[in-house]
Amino acid sequence: MARNAVDISPAGRGKYDPASIESRWYPYWEKNDLFRTNHDSEKEPHVIVMPPPNVTGRLHMGHALQDTVQDALTRLRRMQGFEALWVPGMDHAGIATQNVVEKTLKKEEGKNRHDYGREAFVDKVWEWKEEYGGIILEQKRRLGDSCDWSKERFTMDDGFSRAVQEVFVRLYNEGLVYRGEYLINWCPVDRTAISDEEVENVERKGHLWYLRYPLTDGSGFIEIATTRPETMLGDTAIAVNPEDERYTHLVGKTVRVPLTDRQIPIIADEYVKSDFGAGALKVTPAHDKNDFEIGRKHDLEILNIMNLDATLNENAGVYAGLDRFDAREKIVADLEAQGFLVRIEEYASTVPISHRSKAIIEPLISRQWFVKMKPLAEPALEAVRDGRITFYPKRWENEYFRWLENIRDWTISRQLWWGHRIPVWYWLDADGEIDESRGFRVSIEQPEEGMVQDEDVLDTWFSSWLWPFATLGWPEKTPDLAKFYPGTVLVSGYDILFFWIARMIMAGLHFMGDIPYKDIFITGMIKDKQGRWMSKSLGNGIDPLEMTEQYGADAVRFSLTILCAQGQDIKLDPTKFEMGRNFANKIWNAFNVFGQFMEEGKDYRRKRSFAELDFAEQWMLTRLGQTILDVEEDLARYRLNEGLGKIYTLFWGDYCDWYLELIKPQSGEPMSEERIALAVELFETMLQLLHPFMPFITEELWTHVRPREEGDICMTSAWPTANKADMDAGVAGHFATVQELISGIRNVRAQYAVSPSQDISAVLQLEPGLVAAVEGHREYFAKLARVTDLEVRTGGSRPAASSSVVVGRNQVFVPLKGMIDLDVERERLQKEIDEKTRYHKSIEGKLSNEQFVSRAPEAVVQTERDKLVEVMAEIKRLQASLDELA
RNA sequence: GGGAGAUUAGCUCAGUUGGUUAGAGCACCUGUCUUACAAACAGGGGGUCGCAGGUUCGAGUCCUGCAUCGCCCA
């Protein structure tokens, strides 16, 4: 591949046009293999695995946020000299994908999957995957994701399938995978079992039906209450609390199930709450979780009355064939007609619905495959408890503990066609049916001629929980696995904490014997302006690609990062991206301040030492160094928003608003080479600091600020470090005072409505230490406050007809002949005095508190003392000024 | 019912182990085409940090209770 097969000649110095920059740089990085990692590298690895998006997915804001974070971390570490790997890929997303393809077939051909048959349908899904799958990965490129595309994986590619089968077989051999008939969550719409985690419980308004069951000895009735009258056809007992005196005499007797001829016993079980409903409970082991438990305890018959499409089966007698809810109506009507219905109450009950299809789940008895989770959960709990894995923010650990401590077995078989076939084989009988009597064999390959494989597939998470190591080649012992496992940090939302994050930790510990990553950075979720989830049905989604087109990828990334505070959800509004766009525009334009003076092809390098620099230059360099130190700390703790915020302030608030304004020559004059050299140096360093967050504009401007050798690009440059030799806190302090003096003068100008174009004079009365610093920099006041006539002195009296500003031990007088309004001036000063006096009082209050002085740390007390002296001096000066006006 | 959050300027939110006079962006008001940027610049107004207690020399920050909002789990 030809290096540099992309035109990267700098874009013109016209308006900032993100699209033109972004379309050139991504291909450049990719074609030059700059994202590619090497397992032979001596560099320390830094590894992130991308949460694999659904193969049918489209990029949404949640992806944009998480990708921005992952990419920023990857780019940062790459610049810091790590072998920074970000593994991309996709998830086959069982049900989701199958549904999408089925819908498409229905729409386009009017066919369902059964019209095709399993093999042809699965082929169809693969075709579909080849055609539409991975669109999202293209979309991620638009954002600038610097993942190692050579390591892209799919949860159903050959290697992954191999890993999944291997895991199933191993777990089976270890006794951790088992088959059994239990009450599972059945989704009648998707026609498959789903795991407990895929079920949501929602409160629905419903009714509580009070029914009475006749005692078979003819001695009367027992009354029960139920939210699901139709399940009475599957009742196999009535239960009461053993302590409930109303019913003790009935325990052991039998009742007849209304509308049927079946007789069932009355049993006692402490599970029954006497104060709920009528105090007696109908027990339907085949259709209710709790009833199932009671049934097991009392060895009750399990009577299934339902088909897989949620219609009633032959056990329902005359109701067979009716949908469960139609049956309910009819049964209630019949009960009423026959005198078994006592009354109906309004009642809000919790209804289980499928996370995906939103259909009401039916608890059904079914033979499925499960994973025994307790033995896997223990080490996973331990890994977080002992600190091998840390959550950011920490509070998610509690959620993690709670789930793992109460973990239930995982239903992993799914009655779908799209997914990993379960590696279990059966013998057939003479009729070609599965011969259950001969059992089964668990095996990756067909164990014997003629055996058939289990029809079911595995839960999609049963493959994605292997993501951190299966993507690196497991179960083979690959060099990638050796180099890049365990990973460094996982970036994900809390919505898949149980589905994915916790299970990856279990799998990592079990199969690799080591944690999958050290840190887990949980991002907040993106919500709409009103705090609602973004969804297709609400139509409140914000399309990241549209935003990228409108504002630029750098702008989108900047805004998302700055809004991403530790674990807080983000209420997003498209106007938020203006912040990023404005900043990118600012960066672009700032370059022109000195860029317009630069000679084409010339490399500007600073020749002056720190001591030889100008006051403002020394200050700016100091600020830069301090910011690098601060940012380093923020980023190490995943406080990207704070780190980026500091860079933003540095660039806009310090570099642009003060530094550039000061080094800018008068109109028509040139800028000295040395001035340019430092401006370039500062700018270049800030481009590096910004690169992880705004890769495109920084890469582009990188080529503008200096002539670059082939391959000298921002992305692979070395992350800046603070240089103590280029920092001076004293200078920074002095400069801050000058800033305050200038602000004071500007304030006076605004107060007296002095036209911005009008020159003024000013008298600076400074403490001796500052005189030297300011003396040579009268032009600062000229440039920033239009003070053309400046007197600098250490003492003296107030010039006539002047306004004054006090800054610590310094004071500035602004003579405004003919403009000073004494009343305005008195008011100004008085207001200032009042403010300072209040401040003075609060400090004095502290210092006169003996407790404070004796108990607070000496440094804190001293700070207060210093402040007191300072503010007293200020008040004194202000008062003197006021007195002079009297 | 349990858990973990949120409540700070008109709006959206930062605010680290308790220690300058609580910050930003947007919005608002005044002024500016000051030759990088009007997607900008300068200046300004605006907060008893949800309420009530407590701990502490000191609380937006820690503790308890309450209120409101949504989230997770049963």
Side-chain angles (χ1 to χ4, degrees), chain A residues 13 15-16 196-197 200-201 289 350 393-399 401-403 406 494-495 497-498 524-525 527 529-533 551 555 559 562-573 575-597 630 633-634 637 639 641-642 645 648-649 652-653 656-657 660-661 664-668 742-758 783-786 835-836 838-840 842-843 845-847 849-857 859-861 863-864 866-867 870-871:
Chain A
R13 282 190 198 146
K15 254 178 126 54
Y16 169 54
D196 291 335
E197 287 69 37
E200 284 171 27
N201 292 300
K289 288 236 149 123
T350 313
K394 196 109 175 134
R395 66 183 148 90
W396 289 106
E397 292 181 2
N398 293 327
E399 196 84 343
F401 291 146
R402 189 179 49 71
W403 185 70
N406 300 295
Y494 53 78
D495 54 333
L497 177 58
F498 310 140
M525 307 300 293
K527 305 286 184 62
K529 207 176 165 182
Q530 294 159 54
R532 301 172 304 179
W533 290 87
Y551 299 100
S559 291
I562 213 82
L563 291 170
C564 180
Q566 291 284 296
Q568 280 313 113
D569 288 348
I570 298 170
K571 280 191 241 172
L572 193 64
D573 179 272
T575 60
K576 298 273 189 193
F577 296 116
E578 287 174 13
M579 206 193 313
R581 181 201 52 187
N582 293 355
F583 184 46
N585 187 51
K586 187 78 179 176
I587 297 169
W588 185 261
N589 286 311
F591 168 70
N592 289 334
V593 174
F594 56 91
Q596 63 179 311
F597 298 103
D630 289 349
E633 206 182 312
D634 289 331
R637 291 184 304 164
R639 295 175 181 271
N641 60 326
E642 292 184 39
Y648 172 87
T649 304
W652 198 318
C656 292
D657 290 346
L660 285 183
E661 291 298 336
K664 206 157 66 173
Q666 301 287 346
S667 143
I742 289 170
S743 290
I745 298 169
R746 285 166 163 178
N747 179 287
V748 168
R749 295 187 65 119
Q751 287 264 331
Y752 287 100
V754 178
S755 153
S757 55
Q758 189 182 330
K783 281 178 168 161
L784 299 181
R786 260 200 128 98
E835 216 167 276
K836 299 284 182 198
R838 244 176 300 154
Y839 183 44
H840 176 259
S842 87
I843 299 171
K846 275 188 204 173
L847 287 170
N849 180 346
E850 202 163 314
Q851 301 277 11
F852 172 72
V853 177
S854 60
R855 298 202 192 183
V860 173
V861 177
T863 310
E864 294 298 319
D866 293 346
K867 286 194 299 197
E870 192 88 349
V871 74

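Since the model is a prediction, treat every value here as computed from it, not as a measurement. Here is how names work: the chains are called A, B, and so on, in the same order as the sequence lines, proteins then strands, and each is numbered from 1.
Among all heavy-atom pairs drawn from A:Gln596 and A:Val593, the shortest one is NE2-O, 3.4 Å. A pairwise comparison of heavy atoms in A:Lys783 and A:Glu661 identifies CD-O, 3.7 Å as the closest pair. Across all non-hydrogen atoms, the minimal contact from A:Thr575 to A:Tyr551 is CA-OH, 4.5 Å. Here the shortest heavy-atom pairing between A:Ala785 and A:Ile742 reads CB-CG2, 4.3 Å. Across all their heavy atoms, A:Phe577 and A:Ser559 have their closest contact at CA-OG, 3.5 Å. Residues A:Phe852 and A:Leu847 share a closest heavy-atom pair of CE2-CD2, 4.1 Å.
Distance CZ (A:Arg838) to P (B:U20): 19 Å, rounded to an integer number of Å. For the pair A:Tyr648 OH and B:G23 P, the interatomic distance rounds to 17 Å; values are reported in whole Å. When rounded to the nearest whole Å, the span between CZ of A:Phe401 and P of B:C73 equals 18 Å. Counting to the nearest Å, the C1' atom of B:G5 and the CG atom of A:Asp495 are 16 Å from each other. What separates CE of A:Met579 from C1' of B:G25 is a distance of 5 Å, to the nearest Å.
Listed by chain and residue number, nothing satisfies the ring-ring contact (aromatic ring centres under 6.0 Å, His included) test with A:Tyr752 (two or more places apart in sequence, or in another chain).
Comparing B:G46 with B:C26, their C1' atoms are spaced 14 Å from each other, to the whole Å. Only the P atoms considered, B:G44 is 12 Å distant from B:A24, to the nearest whole Å. Straight-line distance between the P atoms of B:C11 and B:G54: roughly 31 Å, to the nearest whole Å. Across B:C49 and B:A6, the matching C1' atoms stand 13 Å from one another, rounded to whole Å. The gap from the P atom of B:G60 to that of B:G43 amounts to 29 Å, rounded to the nearest Å. Nucleotides B:C66 and B:U30, compared at atom P, are 48 Å apart to the nearest Å. The C1' atoms of B:U32 and B:C37 are separated by 14 Å, rounded to the nearest whole Å. Comparing the same atom, C1', in B:A22 and in B:G47 gives a spacing of 9 Å after rounding to whole Å.
Residues A:Trp652 and A:Asp657 form a side-chain contact, since some pair of their non-hydrogen atoms from C-beta on lies under 4.5 Å apart. Counting heavy atoms from C-beta on, the side chains of A:Leu563 and A:Asn641 never come closer than 4.5 Å.
Salt-bridge check for A:Lys867 with A:Glu864: passed, with a basic side-chain N closer than 4.0 Å to an acidic carboxylate O. Under the 4.0 Å criterion applied to side-chain N and carboxylate O atoms, A:Lys394 and A:Glu397 are assigned as salt-bridge partners.
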Is there a salt bridge (Lys or Arg N to Asp or Glu O under 4.0 Å) between A:Glu399 and A:Arg402 once you walk through the steps? CA-CA 5 Å; A:Glu399 196 84 343; A:Arg402 189 179 49 71; 3.2 Å; yes

Start with the C-alpha distance between A:Asp569 and A:Tyr494, add both sets of side-chain angles, then the distance that settles side-chain contact (heavy atoms from CB on, under 4.5 Å), and finish with yes or no. CA-CA 10 Å; A:Asp569 288 348; A:Tyr494 53 78; 2.8 Å; yes

Tabulate protein N/O versus nucleotide N/O from nucleotides 69-72 of chain B, keeping only pairs under 3.5 Å, one per line.
unit_1 : atom_1 : unit_2   : atom_2 : d
B:C72  : O2'    : A:Glu399 : OE2    : 2.8

Dot-bracket for RNA chain B, 5' to 3', with Watson-Crick and G-U pairs under 3.5 Å, [ ] for crossing pairs and | for other-strand pairs: what is it? (((.(((..((((.....[...)))).(((((.......))))).....(((((..]....)))))))).))).

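For A:Lys586 (side chain) and A:Cys656 (main-chain N/O), no donor-acceptor pair under 3.5 Å exists by modelled atom type. Checked by atom type and distance alone, the side chain of A:Asp634 never pairs as donor or acceptor with a backbone atom of A:Arg639 at under 3.5 Å. Side chain of A:Arg746 to main chain of A:Leu784: a donor-acceptor pair is present (N/O by atom type, distance under 3.5 Å, no hydrogens or angles). Between the side chain of A:Asn589 and the main chain of A:Asn585, a donor-acceptor pair closer than 3.5 Å is present.
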Expected string for nucleotides 10-19 of chain B under the B/S/- scheme (protein heavy atoms, under 4.0 Å, primed atoms plus P, OP1, OP2 as sugar-phosphate) is --BSSSB--B

Output one letter per nucleotide in nucleotides 27-34 of chain B: B when a protein non-hydrogen atom lies under 4.0 Å from the base, S when only the sugar-phosphate is that close, - when neither is. ----SS--

Base-contact (B) and sugar-phosphate-only (S) positions in nucleotides 37-48 of chain B, heavy-atom cut-off under 4.0 Å, - elsewhere: B-BSSSSSS---

